[in-house]
Amino acid sequence: MAPNAIDQTRRMLSLVTYLRERPGAHVGDVARAFGITEAELIADLDVLPMCGTSFRGGDLLDIDTDGEQIWWHNPDDVAAPLRIAADEATALLVAARAVATLPGLRESDREALLRATAKLEAAAGEAAGASSRLSVTFESEGGVFAEVDRAISERRRLWLRYYSPARDELTEREVDPIRLFAVGHTYMEAWCRLSEARRTFRLDRVAEIRILDEPSAPPEVELRDLSAGLVQPSADDPEVVVEVGPGGRWVAEYYPHDSAEELPDGGLRITLRTPDPASLRRLALRLGSDGRIVAPAALADSARRAAQEALAAYDGRDA
């Protein structure tokens, strides 16, 4: 399987530590240590000098190679305590939130990234508020857009591997595309053959896409008015209050909410509305120690019992 950008990023972070401890390391030895070819290593080394502790071009990694050995000329300079300006903090926060939504990211990596993001938000102060109003579209989304656009034009069905953050899983499904639209992010509205219902898919969560030979034949559906936003909870929907720690701040990114109040520990008290409060029990189970449902009391008790039953079943399998 070809390495993806996440694997390469993880490898390059490890490579920085490895090279710092081994000045003059031989190219062949480093390539063998990381299980890659020398050509792949040289490609990584071409990227590393463009990385560093400043977005303004200073304090970059001064790493080069003569084809046989690798030299890092300024390891002590970039090891100095990091100080970032407001614009740098904003860029980091926007990038971190975007990377956290990537399909295929290991859950342990996602949780570590979200914890680091929460700490950066606390340190950034007002800059964190500015970053929450920005979003990033990855270049890979353009390829998905082109495939969806072509499928709509040719009236053909699509096969998807799609990441659902609410369930934290990748699913495979066939869909008949209806339209493309943008509300903050770019979405495809389609008739999903897995659920036999109309569904909305965010393009940057499509891990893989393929145009099928089958014709697309979605049922006649009335297109929704999206001028007021993608998700429009009703004022009559029941109110739910969720408290999350720093590792659960991502909930405010994915769930439309009425308010998100900062908590002393770096977490949030989130108030939202949903026509089906019971559907949030899965969210409570996923959050684990990073969050809990506070109100309504019946839902909080139900989520607590579900967690206890899940834990009991897990202990039973280990016995």
Side-chain angles (χ1 to χ4, degrees), residues 93-94 96-98 100-101 105 107-108 110-135 163-169 183-185 187 199-200 202 205 224 226 228-314:
L93 286 168
V94 171
R97 293 192 187 106
T101 68
L105 186 64
E107 187 57 27
S108 59
R110 192 187 312 279
E111 292 173 354
L113 178 59
L114 290 170
R115 287 194 297 270
T117 302
K119 293 178 181 177
L120 182 57
E121 285 176 335
E126 293 182 2
S131 69
S132 66
R133 296 189 291 271
L134 302 173
S135 63
Y163 174 69
S164 172
R167 294 190 299 273
D168 189 29
E169 64 181 8
V183 181
H185 294 274
Y187 297 86
R199 292 289 184 265
T200 301
R202 211 170 96 176
R205 293 179 185 159
R224 294 186 297 156
L226 301 172
L230 179 61
V231 180
Q232 304 165 27
S234 168
D236 297 329
D237 289 341
E239 184 178 272
V240 178
V241 179
V242 181
E243 288 188 354
V244 300
R249 292 178 68 97
W250 58 267
V251 173
E253 297 289 326
Y254 292 114
Y255 289 85
H257 53 276
D258 295 337
S259 64
E261 176 187 350
E262 293 284 346
L263 297 176
D265 65 351
L268 294 171
R269 182 183 178 91
I270 303 168
T271 302
L272 53 86
R273 295 182 181 276
T274 173
D276 182 18
S279 65
L280 295 180
R281 280 183 299 186
R282 181 188 291 271
L283 170 64
L285 289 172
R286 181 183 173 191
L287 284 169
S289 60
D290 281 327
R292 65 191 181 96
I293 295 174
V294 177
L299 179 59
D301 291 340
S302 175
R304 192 178 304 110
R305 287 195 301 271
Q308 292 170 344
E309 292 170 359
L311 182 60
Y314 179 81

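Given the structure is predicted, the values throughout are model-derived calculations rather than measurements.
Listed by chain and residue number, nothing satisfies the salt bridge (Lys or Arg N to Asp or Glu O under 4.0 Å) test with Asp265 (two or more places apart in sequence, or in another chain). For the salt bridge (Lys or Arg N to Asp or Glu O under 4.0 Å) test, residues two or more places apart in sequence or in another chain that qualify with Arg269 are Glu243. Considering only residues two or more places apart in sequence or on other chains, Glu262 meets the salt bridge (Lys or Arg N to Asp or Glu O under 4.0 Å) condition with Arg249.
Note that the OH atom of Tyr187 and the CZ atom of Arg199 stand 15.5 Å from one another [nearest 0.5 Å].
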Next on the checklist: Would Thr271 and Glu239 count as a side-chain contact (heavy atoms from CB on, under 4.5 Å) here? Give the steps.
Outcome noted: CA-CA 7 Å; Thr271 302; Glu239 184 178 272; 3.4 Å; yes
Checklist entry - When you look at Ile270 and Val241, which way does the side-chain contact (heavy atoms from CB on, under 4.5 Å) test go after all the steps? => result CA-CA 6 Å; Ile270 303 168; Val241 179; over 6 Å; no
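Residues Ile293 and Ala300 come closest through the heavy atom pair O-CB, 3.2 Å.
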